[in-house]
Amino acid sequence: MVNVSTTSYNCTNDEQRAEGLAHAQKAIAAKQVIVMPTDTVYGIAADAFSPQAVATLLAAKGRGRSMPPPVLIPRIGTMEGLATDIPDDARKLAEKYWPGPLTIIFHAQPSLTWDLGDTVGTVALRVPDEQLALDLLTLTGPLAVSSANRTGQPAAQTAQEAREQLAESVEVYLEAGFRPLEGTEGVPSTIVDATGLRLRIVREGAISLEQIQRMVPSALGSEAEPEMWHPVVEEAVETAPEVEPVETAEPVEAPEAEPGSGFRQAQSPEVEPVEAPEAEPGSGFRQAQSPEVEPGSGFRQAQSPELDAK
């Protein structure tokens, strides 16, 4: 990792705000991490599509891959490109509370090449209700963001508080005052898991369970067992109507064969052992076959060479 001196910007000043956004954009492009305000608390951010940058973020917090960071996006429309199997109920919540303190866990688009940690094929998305963060997200695209603090320590409510914990591991600090408000405690976003049959509250934060259930009465609380999707592959096996082994090819009939003749003897249309008018009375069927067949020869010898009788 390139060692660059840490810089703080007072984003309540228009000139420093512009300089801070430009520097933060360059730092993100260089796979560095930055600290920025959100509508809940301050967050440490990295390029969501850079495994190196995400690893730097986790290392700065002292956190392992088992706790992957959520991804902040600039607008609700970005959700479609990052998530799949989006339930209607989850979409209703997003339309109601984004931008805002609601994080929703979705199945990640399988085509995406990113590594946020041990996500088990999921991604947690949120649109923050913070203009400075939205302006940066518009410049950089989706960012992996976690609270700007060392794991186990209080979440930072100012960039200065974040710097006291994260120090030189962060290249750019964007200071914009207290979040959410001075004199109030930082409240994290509410996390809703939308990967099951019903929505489930994983963490109750700024938006209460009651508020969620007013919009989605079937939503489960954090104490409830999750109701997971049935794997698609199992459904396909159980319902496949085309697998009907009893209806395979029908046996070929041979109406030309005399009673007592075997099916294999009658299957070649060129071999017509019953039409031998020149046979003497009392002669046997095998002896009366076509003149090329010697007495005592079997059907295998008399077939056309293209057939492989077994």
Is any side-chain heavy atom of Q160 closer than 4.5 Å to a side-chain heavy atom of E164? yes

Below 30° counts as parallel, above 60° as perpendicular, anything between as tilted: where do the rings of H23 and Y9 land? perpendicular

Which is it for D115 and R65 under the salt bridge (Lys or Arg N to Asp or Glu O under 4.0 Å) test, yes or no, and what are the steps along the way? CA-CA 10 Å; D115 184 5; R65 290 175 53 82; 3.1 Å; yes

Is there a side-chain contact between R75 and W98, using heavy atoms and a 4.5 Å cut-off? no

For residues I73 and V71, determine if any side-chain heavy atom of one lies less than 4.5 Å from a side-chain heavy atom of the other. yes

Between R179 (side chain) and A176 (backbone), is there a donor-acceptor pair under 3.5 Å? yes

Distance-only polar pair, side chains of E175 and Y42, donor-acceptor under 3.5 Å: yes

Pairwise side-chain contact, L174 with V35, heavy-atom cut-off 4.5 Å (strictly under): no

Checking R163 against S8: is there a side-chain donor and acceptor pair closer than 3.5 Å? yes

Checking side-chain polar atoms at under 3.5 Å, does T122 have a donor or acceptor matched by the opposite partner on T195? no

Any salt bridge linking E80 with R91? Criterion: basic side-chain nitrogen under 4.0 Å from a carboxylate oxygen. yes

Answer yes or no: is there a side-chain heavy-atom contact under 4.5 Å between L132 and M36? no

Would you say E168 and T6 are linked by a side-chain donor-acceptor pair, where the criterion is simply a distance under 3.5 Å? yes

